[in-house]
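Just below is one structure, and these are the notes that go with it.
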Amino acid sequence: MKDFGNAVVYQIYPKSFQDSNGDGIGDLNGVISRLDYLKKLGVDYLWLTPVFRSPQKDNGYDVSDYYRIEPMFGTMADMDRLLAQCNARGIGVMLDMVFNHTSTDHIWFQKALAGEKEYEDYYIFKEGGPDRMPTNWESKFGGPAWEYVPSLGKWYLHLFDVTQADLNWDNPRVREELKNVIRFWKQKGVRGFRFDVVNLISKPAVFQDDYEGDGRRFYTDGPHVHEYLKELVRDTGISDMITVGEMSSTTPQHCVRYSNPEEKELSMCFQFHHLKVDYKNGDKWELMPPDRMQLKNLFERWQTLMQQQNGWNALFWCNHDQPRIVSRLGDEGTYWKQSAKMLAACTHLMRGTPYIYQGEELGMTNPHYRNITQYRDVESLNYYQILLKKGKSESEALAILDARSRDNGRTPMQWSDCVNAGFTDAAPWIELSGNYKTIHAQAQTDDEDSIFCFYQKLIALRKATEVISKGTIAFMEQENSDVLAFRRNYGTQELLVWNNLTAEEVTIPMQPSWTDYYRLLGNYEPQTETGKNIVLRPYETIVYANADLKIDHGAGIC
Ligand code: GLC
Ligand code: CA
């Protein structure tokens, strides 16, 4: 299996990236029109979230046909053109494979409903009277995980929306169908895959009630998941392609297995523990300020374990399911620029492959919607009702959505200060963030001091030295909750990285051995050093390198 330490991936949520035909919805031709921007940023791969046929109940994560493009996004000819245009620029396309479930509009499910036994066995149907649910499991979008089908006298499992029916991976025919989907897209020239909630595909042999939680402990990293992944990768011949699995509520031990090259499963994993440090008692819908110590401990634990056991991390803060990171761990006001850059340095300089989510490279923020009518996401709309039922007031529920809604990451890409930020000429499908007049690509692509340029530099730096893509990692300042600091080593080369996670000044004692190190990168003007201490200003990032780590200044870094 190949190693993707040198690669940087850019995630596109096509619906919100660029509209090309004036219907207010982003599309494939819109993506094509922006490829030079991505080339300028310097990324190697584009991960497109699902553009397959879909009723869009969950914005494409409810696929009704894996072989067709959803007309709203364009045609197969547009997809072919996108692949060719990316290829011409040396950018690989990764598609998003939603294989844990299909839309209930999928022909397989429709046939199951029509009573074809063969297709019933494609899904997880359980016998039971209309008032006896097979288990008490809950859907991740709220409400029960089972839906009754009166005509069959059976219930089907849906870990997500009621229109997203879980597939039965224990059925070899299902596994063959899904392999064919991979083969089809591979042969079209797709260069990698992201596998949606792939650690949930293997359900337990016996379904039982969960008296401790929502049922996830029975199907997360389930009994045959490693076996099924190995089979999928082997039979489709994708072991040398970039593959990333989205792992829901997983463990480092499982992620080592998913991503260790010897296992021949995936190139890397997304895991989410670090994005729950502001969940009160682990509940996404209860607000709490971020626990920085926990954040640091989690990074240290995951990075160290993956390193020891030859696993590989995907590094990320943002995606289409997460609120914007500047709004969450940074500062939207005075230190907006510094904090966005500091957060970028954290992910880009640890051990793993970094992912940039559209607009993150511009420091895009949460939109701060004020009204429930501004939200579009099925999860947000469901939870708004659940929160009200639980006794929260409307303003409390809105404050929770303001911080936690997945729509925070789905507002249109801010290209310019023109109408609708240059995203569309029509009414956008979801409202823009009001700050697009100041935060937009046009203002940043040619400004040396911009967040965009900082991302460019981080990417260029990864390409200019092996210490980032191949080096080991060890953490420093472990007791200090204010600073995320680590060293990277490769041969005799050393890189030291300090990230001030706070809006206060933080002082770090200087070690004698560092005195001849040079400052490689930072998000402030360098200051005169006292020799004894390193003083980090609010949200400051400082990167030092030793003399053995020489960077060619032509590489566009400093
Ligand atoms: C993943 C996707 C999310 C989707 C869910 C169900 O978590 O990232 O957007 O709703 O899977 O497919
Ligand atoms: Ca469109």
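Index from 1, following the sequence. Computed over heavy atoms, backbone and side chain alike; hydrogens, waters and symmetry mates excluded. Both counts, for ligands and for their atoms, begin at 1 and track the order of listing.
- Because its NZ or CZ atom is not both nearer than 6.0 Å to the ring centre of Trp169 and within 45° of the ring axis, Lys203 does not count as a cation-pi partner of that residue.
- Looking at Asp27, its N, O or S atom nearest to the Ca ion (ligand 2) turns out to be OD2.
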Go through the steps to decide whether Gln164 and Tyr61 satisfy the test side chain to side chain contact (heavy atoms under 4.5 Å, CB included), and finish with yes or no. CA-CA 8 Å; Gln164 292 165 299; Tyr61 284 92; 3.9 Å; yes
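- Rounded to the nearest 10 degrees, the angle OD1 (Asn21) to the Ca ion (ligand 2) to OD1 (Asp23) equals 90°.
- Atom NZ of Lys437 has more than 12 neighbouring heavy atoms from other residues, nucleotides or ligands inside a 6.0 Å radius.
- Ligand 1 is approached by Arg406 to a heavy-atom distance shorter than 4.0 Å.
- Closest protein heavy atom to atom 11 (O) of ligand 1: Asp196 OD1, 2.9 Å.
- In the model, Asp78 has a side-chain atom that pairs as donor or acceptor with a side-chain atom of Thr75 under 3.5 Å.
- Near Asp321, with a cut-off below 4.0 Å to any heavy atom, the atoms of ligand 1 are 1 (C), 2 (C), 3 (C), 7 (O), 8 (O), 9 (O).
- Between Tyr66 and Phe99, a ring centre-to-centre spacing shorter than 6.0 Å is recorded.
- Contact analysis puts His101 in contact with ligand 1, with a non-hydrogen atom separation below 4.0 angstrom.
- When hydrogens are left out, the protein atom nearest atom 7 (O) of ligand 1 is Glu246 OE2, 2.9 Å; that is the closest non-hydrogen contact.
- Those atoms of ligand 1 with a heavy atom of Val197 less than 4.0 angstrom away are 1 (C), 7 (O), 11 (O).
- When all heavy atoms are compared, the tightest approach of Met350 to Gln303 is CB-OE1, 3.6 Å.
- Atom CZ of Arg34 sits in a crowded spot, with more than 12 heavy atoms from other residues, nucleotides or ligands closer than 6.0 Å.
- Within the coordination shell of the Ca ion (ligand 2), defined by N, O or S atoms under 3.0 Å, Thr424 is absent.
- Annotation: Tyr10 is not in aromatic contact with Tyr455 [ring centroid separation under 6.0 Å not met].
- Looking at Phe141 against ligand 1, only its side chain comes within 4.0 Å, counting heavy atoms.
- The closest approach between a heavy atom of Arg194 and any atom of ligand 1 is below 4.0 Å.
- The Ca ion (ligand 2) forms the vertex of an angle spanning O of Ile25 and OD1 of Asp19; to the nearest 10 degrees it equals 80°.
- Between Asp210 and Arg216, none of the side-chain N atoms (NZ, or NE/NH1/NH2) sits under 4.0 Å from a carboxylate O, so this pair counts as no salt bridge.
- In this structure, the protein non-hydrogen atom closest to atom 4 (C) of ligand 1 is Asp58 OD2, 3.3 Å.
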